[in-house]
Amino acid sequence: MAEDFSVKFTDKQYLPDPSVKKNSWIGDYQKAYNAFIKDPDSFWDKNASELHWFSPYSKVKEWNFPHARWFPDGKTNIAYNCLDRQVQNARRNKVALIWKGEEDTERIYTYRQLYREVMRMANGLKKLGVVKGDRVCIYMPMVPEQIISMLACARIGAVHSVVFGGFGAAALHSRITGAEAKVVITADVTFRRGKSIPLKHIIEEAIIDAPSVEHVVVLRRELHQPVEIHREMEVDFYDLIKDVSPDCEAEVMDAEDPLFILYTSGSTGAPKGIVHTCGGYMVGAYYTTKNVFDIKDNDVYWCTADPGWITGHSYVVYGPLMNGATIIITEGTPDYPDAGSYWRIVEDFGVTILYTAPTAIRMFMKMGEDWPDKSNLSSLRILGSVGEPLNPEAFEWYYRVIGNNRCPVVDTWWQTETGMHMITTMIGEPMYPGFAGKPIPGVVADVVDKDGKPVPHGTGGFLVLKEPWPSMFRAVFKDPERYQKYWDTIPGYYTVGDLAVKNKQGYIMVLGRSDDLIVVAGHNIGTAEVESALVSHKAVAEAAVIGKPDDVKGNVIKAFVILRLGHEPSDRLKNEILYHVRITLGPIAMPSEIEFVTSLPKTRSGKIMRRVLKAKEMGMDPGDISTIED
Ligand code: WT7
């Protein structure tokens, strides 16, 4: 692991207009931060009290390192806070959700309509025998029914596990069996670039040897899709909710009851089921959405993430709806039918807050300024970024071309495990391109060496979180050791797994992962998962993968492959192996390059030294190779 290295950066600063701070929820960052530090429990109590609780909590937190209970004994329901609370007030007929499909299709739900659909689906799930605590897997494209399904689970206390629609059968299978899902909700197809892509056969394959699954609910978007297998398990989404009552009381949940499981890639072995709970997660998602995006009632908010990722959970669905916002979701891709599609959505719907990923921003940079210039982007007031470092060039382009030098850019650093934003530059504060910013009020973070000692500014180190926060994950599903490991690496702290550096002003720049994860287009990919997919191909004896810097995606995956005896390297075999990874793990985990090799650098204990492969690939010094075997 790297440590104590110096990092070069500039002091270039952008100052927002003073009116931004004056009109914001957060006001002065330092003042808000000081208030938090002075009395963390009152700070969180105040934020939690803006939400509805069926009965109050006895205290704000119980902290027995590394286990926390937030708002213990408090009773609440996050779906109630997203919907019932809004239909009881002036937001009843406000637009909650705008869905924009490909080819100019649109659907709009007011808060009341969404509320009723969610209650119908909640009753539908009950009809299938789903009860509080059961797990439900949601494997769907970005359609309103995906969000309706999530909220319906939350309403009845079922634990959802949303799996991104881009995952393949093997990845989906391990997530279904890992969570022991009783019901899987899916769709027959997803639409992408004008074509329909079948999803249902992936589910059919994924539920083989998944004995927990009792029913598969299928949203049918194309008629004439034949039922292939498991006919007796299948239920049509709209048949299920056709004759049910549109009334369903929200289940009274304990703050510490699980709300959802979300799988994230780990550096070793199977993906980790990150567990979030009802009360703490709710408060964290609500507070950050309100303050980081400064949501007001006339905002039109668009987060481009898929609910299959944590960004979609916290900042498409739960955070914005708890704040009564109007949200937009789209099924389309940013460059279809052309590179102007995002900017037309901004103009057509008058988007005021846009939250997207550096990989998309860099793609737009490549396409040129003519595309955004064709649309009127003057409705925008805040720009957000998430998923990987927003490099200074991309920051500047986003700020100048999309924000017309007037919109604050919030580069938000956080993780599946944190559930909410942890580090960013609060609107109204000076912005330093390349630096995400400071810990938000509510968060204590620092850059330290391997013993936990803070490193001076300009010196790189490990990013750690020093104090618990409400939306922290409570567990890795059925794997207490993996939970413990986060807290054992640097004693006393939560080790994030990222390298970072601070500037004189205390702003944090995140440099990238320090472990065996590759961030591709903002998605965390575990080297272990890709390697095991590669070696499951019959021609592959051994494999190692590394991340290679890429202009658009941040990183791409390069695979080094040793073939089994009797197989000869060829382009045809390369394509076959790539296709194999694509169908097992999904397109997002597919290497962009394969090199056939005859040996791999390993330690004496047999661990592949990816760092050596990477250095060689990049033409750099491999550093200490004293532990290398050969
Ligand atoms: C990892 C977490 C948070 C939702 C999306 C990813 C990287 C995330 C930033 C940022 C630099 C970032 C980190 C982090 N990351 N946001 N603003 N600047 N790096 O969630 O899959 O749990 O991945 O993504 O490496 O540890 P995730």
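Indexing begins at 1, ligand by ligand and atom by atom, following the structure's order. Just so it is clear, the values below take in all heavy atoms, side chains as well, and ignore hydrogens, waters and symmetry mates. Treat the numbers as computed from the prediction; the structure is a model and nothing was measured.
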So which of Ile78, Leu97, Leu151, Ile329 actually passes side chain to side chain contact (heavy atoms under 4.5 Å, CB included) with Val317?
Leu151
Enumerate the residue pairs fulfilling salt bridge (charged side-chain N to carboxylate O under 4.0 Å, His left out) with a member in residues 299-315, sequence neighbours excluded, ordered by first and then second residue.
Asp299-Arg381
Parallel, tilted or perpendicular, judged at 30° and 60°: which one describes the rings of Phe167 and Phe164?
perpendicular
Tabulating one pair per line, provide the atom names and distances (0.1 Å) for every N/O atom of ligand 1 that is less than 3.5 Å from a protein N/O atom.
from, atom 1, to, atom 2, distance (Å)
ligand 1, 15 (N), Gly387, O, 3.2
ligand 1, 16 (N), Gly387, N, 3.1
ligand 1, 17 (N), Asp411, OD1, 2.7
ligand 1, 17 (N), Thr412, O, 2.8
ligand 1, 18 (N), Glu388, O, 3.2
ligand 1, 21 (O), Asn524, ND2, 3.3
ligand 1, 22 (O), Thr416, N, 2.8
ligand 1, 22 (O), Thr416, OG1, 2.6
ligand 1, 23 (O), Asn524, ND2, 2.9
ligand 1, 24 (O), Gly387, O, 3.4
ligand 1, 25 (O), Asp498, OD1, 2.8
ligand 1, 25 (O), Asp498, OD2, 3.1
ligand 1, 26 (O), Gln415, NE2, 3.0
ligand 1, 26 (O), Asp498, OD1, 3.2
ligand 1, 26 (O), Asp498, OD2, 2.8
ligand 1, 26 (O), Arg513, NH1, 2.7

From OG (Ser149) to OH (Tyr139), nearest 0.5 Å
15.0 Å
Fit a plane to each ring of Tyr318 and His160, take the angle between them on a 0 to 90° scale, and name the class: parallel (under 30°), tilted (30 to 60°) or perpendicular (over 60°).
parallel
Would you give the length of the straight line joining atom OH of Tyr432 to atom NZ of Lys438, rounded to the nearest 0.5 angstrom?
8.0 Å
